[in-house]
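As structure tokens, the structure follows; a few thoughts come after it.
When a ligand or atom number is given, it counts from 1 through the structure's own listing order.
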Amino acid sequence: ILLPICRRFMTFLRSTRLRFLIPFDITLETHMLVGIVFAILVLSHTCAHICDIVNFAGADEDDIYALFGDKLGTVPSSRSARVKLLFQQRSIITGLLMVVCILVAYPMILLRRTRFNLFWTTHHLLLVMLILLCIHGTGNLLEPFQSIYWLIAPFVLYFVPRFLRETKYSTMKVIQAKIKPGECLQIQLERPKGLLWEKRVNAGMYAFINVPEVSRLEWHPFTLTSSPANDFVEFHFRSVGDWTEKVHALFEGQHQQENEDGFNEEDEVNYPLVKVEGPIGASSQGYKDYPVIVLIGAGIGITPMISVLRNLVENPGKIRRAFFYWTVRDQNALKWFPSILDDIYDADTSHIFQIRHFLTSAKYDDRDIGQILLKYAVRAQHKHNDMDLVLGRQAHHMIETGRPDWDEELTSVKEEAKELGFKKCGIFLCGPLKMAEAVDEASLKLSQQDSDFHFYFSKETF
Ligand SMILES: Cc1cc2nc3c(=O)[nH]c(=O)nc-3n(C[C@H](O)[C@H](O)[C@H](O)COP(=O)(O)OP(=O)(O)OC[C@H]3O[C@@H](n4cnc5c(N)ncnc54)[C@H](O)[C@@H]3O)c2cc1C
């Protein structure tokens, strides 16, 4: 139950050839599945012991001594005194506390999406439960205790990184922060020296961020938008809830305060302290294993893809073709990365990339003649002088309206990949579940139709 969420250890394993054997993309799902099995076993175990207590209360004294020896001391003859004796045993006290931990923490899992902090705080009761589990059998009443031997390694792998992130070594210096349209904060941090950030960082990875001025306890995951070749570490935070809004306001306030105090743009700004735990492995970093890749980002789900694209420009490796799709609902989002995407486009001398943007809030209806004409007018204008009518400025990438038709898109990806002589393609998606289902379904269908070609799909959902 603990091993799949020992993120640093999983990140290390993911960097070895074990990634071809173990599905590291589903570690959280594995943790949840083991959690369900664990709860079922705990409840069955508890029911069995309730029967034991009833049997013990009415059992023959000789049978009790035969089973326990003198481990329980003198066994009283009355039923109530015997039950009382049992409830003084370490195994029963810890057992009851463990059941309480489960009964409080498990229902809170349902609140993970809506009240994350409540879920997260109560989830720590399960760590208390695992510590109680180590003590549970130490009375050696029925069998020699052994849980500690099973738990010691996962405890070390889990607690050491959590302890280290609280130390000064996780602090990183902010070198630049920018507020972008569409409630997005970009921060650049000085890249620390050392093995982790110099040798072990890959495009597509994420890290846990803590801003002590906002909350000392909260650590939130954010994907790197910088590439391993950059000498800084960059993140983009979209404001969606209380923590991100407070961080946004803190950085915005800092900027204004410095300006009012008479600093100009070149003066060094005293940014708030930021702590970082990472880098941590994620599914998008598997892109290197394929000659042809499809990168799909929805909204802020573009962040891992930006890191991958930036890295591909520097170091394409064995990648021959990369199809990048970015779907956004809010037009402001298109202003998050314009220069980065244009730089990538300009640097793409070997024509690896195909970059497509979709504005999904503008619905496209293929029965509406006006919309069809508009679509062709937008395309013609862009072809003529790179003018994007949606953005109202020149841009390398034309903005298309509506949602991509994944059957159509993946069919053309497949044809192009086959023309280049490749038999497989990796699809990496970061976006909502519905979109992931649509892409997964289309890729599965196309793979089943053609025994000579296979799509490999992996997804991340924020
Ligand atoms: C691997 C990963 C990478 C991410 N990368 C980015 C990114 O590059 N840019 C970006 O803008 N957002 C990213 N997110 C989402 C970001 O972590 C959440 O938006 C942020 O934690 C919201 O916190 P909040 O308190 O402001 O909002 P809340 O309203 O509290 O939460 C909004 C949503 O975020 C989830 N969430 C909240 N706190 C946490 C937490 N500590 N850990 C995990 N999930 C949490 C909640 O379940 C909820 O669904 C990523 C998430 C994950 C899991």
Side-chain angles (χ1 to χ4, degrees), residues 4-5 7-8 10-11 14 24-29 31-32 108-124 162 165 177-189 202-212 214-227 233-251 274-286 295 297-310 326 328-330 332-333 336-337 340 428-433 436 458-462:
I5 48 156
R7 294 193 173 91
R8 304 297 286 275
M10 289 296 132
T11 304
R14 199 192 263 271
F24 289 106
D25 293 347
I26 54 162
T27 46
L28 198 59
E29 286 83 350
H31 169 72
M32 293 197 278
M108 297 300 160
I109 296 171
L110 299 174
L111 302 180
R112 185 174 178 272
R113 288 262 156 216
T114 48
R115 301 193 60 191
F116 189 87
N117 286 348
L118 184 61
F119 149 77
W120 185 235
T121 312
T122 50
H123 217 62
H124 282 80
R162 283 202 68 172
R165 76 182 188 180
K178 265 190 206 156
I179 309 286
K180 297 192 166 183
E183 307 280 296
C184 185
L185 168 72
Q186 172 197 22
I187 59 166
Q188 277 183 4
L189 307 159
N202 276 307
M205 286 182 146
Y206 71 101
F208 278 91
I209 311 277
N210 172 264
V211 181
V214 171
S215 162
R216 293 195 78 80
L217 295 177
E218 287 186 45
W219 289 79
H220 290 254
F222 289 91
T223 308
L224 276 77
T225 45
S226 48
S227 97
V233 177
E234 186 188 78
F235 298 96
H236 282 75
F237 301 178
R238 199 167 102 78
S239 294
V240 291
D242 54 347
W243 188 86
T244 39
E245 274 162 18
K246 280 183 199 156
V247 172
H248 203 105
L250 184 68
F251 276 88
V274 171
K275 293 176 132 201
V276 180
E277 184 204 354
I280 297 167
S283 66
S284 323
Q285 74 184 82
L295 305 169
I300 194 66
I302 188 183
T303 48
M305 311 311 163
I306 287 289
S307 173
V308 171
L309 289 172
R310 273 177 154 172
W326 185 24
V328 293
R329 215 178 293 155
D330 174 8
N332 275 323
W336 292 342
F337 301 101
I340 297 177
F428 300 90
L429 177 143
C430 184
L433 227 56
S458 38
K459 70 161 198 313
E460 273 178 81
T461 309
F462 287 173

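For ligand 1, the protein residues placed under 4.0 Å by at least one non-hydrogen atom are Arg112, Arg113, Phe116, Tyr206, Trp219, His220, Pro221, Phe222, Thr223, His236, Phe237, Arg238, Val240, Gly241, Asp242, Trp243, Thr244, Ile300, Thr303, Phe462.
Classified by interplanar angle (parallel below 30°, tilted 30° to 60°, perpendicular above 60°), the ring pair Trp326/Trp336 is tilted.
Residues in residues 298-309 take part in no salt bridge (charged side-chain N to carboxylate O under 4.0 Å, His left out) pair, two or more places apart or across chains.
Within 6.0 Å of NZ on Lys459 lie no more than 12 heavy atoms contributed by other residues, nucleotides or ligands.
The shortest non-hydrogen separation linking Ala298 to Gly431 is CB-CA, 3.9 Å. Across all their heavy atoms, Pro304 and Phe462 have their closest contact at CD-CZ, 4.1 Å.
Not less than 6.0 angstrom separates the ring centroid of Phe237 from the ring centroid of His220.
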